[in-house]
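Just below is one structure, and these are the notes that go with it.
Sequence lines set the chain letters: A, B, ... in the order given, protein chains first and strands last, and positions in each chain run from 1.
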Number of protein chains: 2
Amino acid sequence: MVNNLEIKTSEKIYYVAYKLFLENGYEATNIRDICKNVGIKASTLYFHYKSKHDLFFLIYDDICKEYMKYISSIEKLNQGASIEEKLYKLLLKKVEYYTTDISKQKFILRYNLFPPHEILNDIQEKHKLLTKEENQAILDIVGQCDDYLLEYKRFENHLVYEMVVSGIKIGEKDTAALWSIFWRNTTV
Amino acid sequence: MVNNLEIKTSEKIYYVAYKLFLENGYEATNIRDICKNVGIKASTLYFHYKSKHDLFFLIYDDICKEYMKYISSIEKLNQGASIEEKLYKLLLKKVEYYTTDISKQKFILRYNLFPPHEILNDIQEKHKLLTKEENQAILDIVGQCDDYLLEYKRFENHLVYEMVVSGIKIGEKDTAALWSIFWRNTTV
DNA sequence: GTCTATAAGAGGATAGAC
DNA sequence: GTCTATCCTCTTATAGAC
């Protein structure tokens, strides 16, 4: 009974690895460092996870999956509204997600911007797939918007970069101000 | 006589190391990889450079020094002009520099955004110093502009990020368009 | 200046006892 | 499930011959 209240070793490993992969990067994070932080020996980690590569991509995939799950949960937006209105509503939803925990986006940004040489191919492949899925999901939510999709995503990407770099959470007011400037520029 | 026309081994090492540190990062770049690309053995590299750490910071410092040299070469801007005019002229000069070779800014961006754990302290210290020197130089060029300095640099930073990520060189026309939007937003 | 050989240590991963 | 002990490979760096 008491055991049910304790955090499982595998979960501790997962959490510590997440933090180290996020802050120090894949190459600079070694198994022994993870284990030291968890309070176990290296061989114990290998009981729970097959390899460093596997552990990393379990985490990476979870982050992507959770992100896609959130995107998919956004309901279809009113068909009658203008493209601008619909994309803005989508943006608010996204910002809401980023604001709850920016570290996940920092993780994605880190590995997409500077993928470690050792896992380059896997990262690129997964990133391509995620982009494809995400674009499809956005089309489902707002309908046809091909003319603006790329520009919209570039803008969103900027916002994420800003939040990650500055560590500042961007509120609804800022989002609205930035959006109006962006939209004015895009449609000119 | 003929020897004078050949590239010195130390210069080859320097150039190859620069490219690998830029593309693969500090941790993923090892001495043997550098040597293989140069066509020498590891011990030869250590004849020319003291250590991996030293080689890296020779390159890093050179990039910073060259950047600061360029900033310092920008002549003092007309005292009578408005802050907006002066900052815009400064921006054009900066963009001109970035456009000649964006890879140096990519190098700086990489190591400031995600400094390798192993050399974190050195990077942070040097970055702090560079920022201080750069701010002083900007004040020398445009005069007092404390109210806008931080915002201006954030904008510039965005531009660099955009150029690095997209690989697109931003022309004078784009710069002007982005600037007008930025300035409108800053002064509102 | 460049080489061969090698030290010294870090890192990923496994075998087998408990 | 967790440990000790160990293997193997990779990496930085040095010693000494040519």
Side-chain angles (χ1 to χ4, degrees), chain A residues 1-60 111 115-123, chain B residues 1-60 111 115-123:
Chain A
M1 287 298 149
V2 174
N3 278 334
N4 289 336
L5 296 171
E6 287 168 13
I7 299 164
K8 283 181 197 157
T9 301
S10 62
E11 286 167 0
K12 276 192 212 165
I13 295 169
Y14 184 98
Y15 180 67
V16 168
Y18 168 70
K19 282 218 303 194
L20 293 178
F21 284 142
L22 173 67
E23 296 305 332
N24 303 344
Y26 184 80
E27 286 115 335
T29 301
N30 67 61
I31 301 293
R32 283 177 178 81
D33 279 345
I34 298 172
C35 291
K36 204 181 286 172
N37 275 278
V38 175
I40 55 166
K41 299 292 170 183
S43 49
T44 303
L45 186 145
Y46 284 98
F47 175 79
H48 295 281
Y49 298 96
K50 202 181 126 202
S51 65
K52 181 184 175 181
H53 182 277
D54 257 46
L55 176 55
F56 177 83
F57 280 107
L58 277 172
I59 295 167
Y60 186 89
Y111 288 101
H117 197 236
E118 214 180 320
I119 51 174
L120 181 72
N121 289 341
D122 294 291
I123 293 273
Chain B
M1 284 297 150
V2 174
N3 279 334
N4 290 334
L5 295 172
E6 288 168 13
I7 298 164
K8 284 180 197 156
T9 301
S10 61
E11 285 166 1
K12 276 192 212 166
I13 295 168
Y14 184 98
Y15 180 67
V16 168
Y18 168 70
K19 282 218 304 192
L20 293 178
F21 284 142
L22 173 68
E23 296 304 333
N24 303 344
Y26 184 81
E27 286 116 333
T29 300
N30 67 60
I31 300 293
R32 279 180 180 78
D33 279 345
I34 298 172
C35 291
K36 203 181 287 172
N37 275 279
V38 175
I40 54 165
K41 298 292 170 183
S43 49
T44 303
L45 186 146
Y46 284 98
F47 175 80
H48 295 281
Y49 299 95
K50 205 181 125 201
S51 65
K52 181 183 176 181
H53 182 277
D54 258 46
L55 176 56
F56 177 83
F57 280 106
L58 277 172
I59 295 167
Y60 186 89
Y111 288 100
H117 196 238
E118 214 179 322
I119 51 173
L120 181 72
N121 289 342
D122 294 290
I123 293 273

remark   = Sorted by chain and residue number, the ring-ring contact (aromatic ring centres under 6.0 Å, His included) partners of B/Tyr15 (sequence neighbours excluded) come out as none
Would you mind reading off the distance between [X] atom [atom1] and [N] atom [atom2], rounded to a whole angstrom?
X        : N      : atom1 : atom2 : value
A/His117 : D/dC10 : NE2   : P     : 15 Å
A/Phe47  : D/dC3  : CZ    : P     : 12 Å
B/Lys41  : D/dA13 : NZ    : C1'   : 16 Å
B/Glu118 : C/dG9  : CD    : P     : 16 Å
B/Asn24  : D/dC10 : CG    : C1'   : 16 Å

Note, B/Ile119 side chain near B/Pro115 side chain (heavy atom, < 4.5 Å) = no
query = Taking five pairs at each end of the helix from C/dG1-D/dC18 to C/dC18-D/dG1, what angle separates the two helix axes (nearest 10°)?
reply = 0°
List, one per line, each side-chain donor-acceptor pair under 3.5 Å for residues 40-48 of chain A, sequence neighbours excluded.
none

ask   = Reading nucleotides 11-18 of chain C 5' to 3', which nucleotides get B (base under 4.0 Å from a protein heavy atom), which S (sugar-phosphate only), which -?
value = BBBBB---
message = Is there a side-chain contact between B/Thr9 and the phosphate of C/dT2, meaning an N or O under 4.0 Å from OP1 or OP2?
response = yes
message = With a cut-off of less than 4.0 Å, is there a side-chain N or O of B/Thr44 near OP1 or OP2 of C/dG1?
response = no
message = Could you work out, with salt bridge (charged side-chain N to carboxylate O under 4.0 Å, His left out) as the rule, every residue matching B/Glu23, not counting sequence neighbours?
response = B/Lys106
request  = Considering non-hydrogen atoms only, spot the tightest contact between B/Glu27 and B/Lys52 and give its length.
outcome  = O-NZ, 4.0 Å
query = Which pair of heavy atoms, one from A/Phe21 and one from A/Tyr111, lies closest together, and at what distance?
reply = O-OH, 2.6 Å
query = So B/His53 and B/Phe57, would you call those rings parallel, tilted or perpendicular, with 30° and 60° as cut-offs?
reply = tilted
remark   = Residues at least two apart in sequence or cross-chain that pass side-chain contact (heavy atoms from CB on, under 4.5 Å) with B/Lys50, listed by chain then number, are B/Asp54
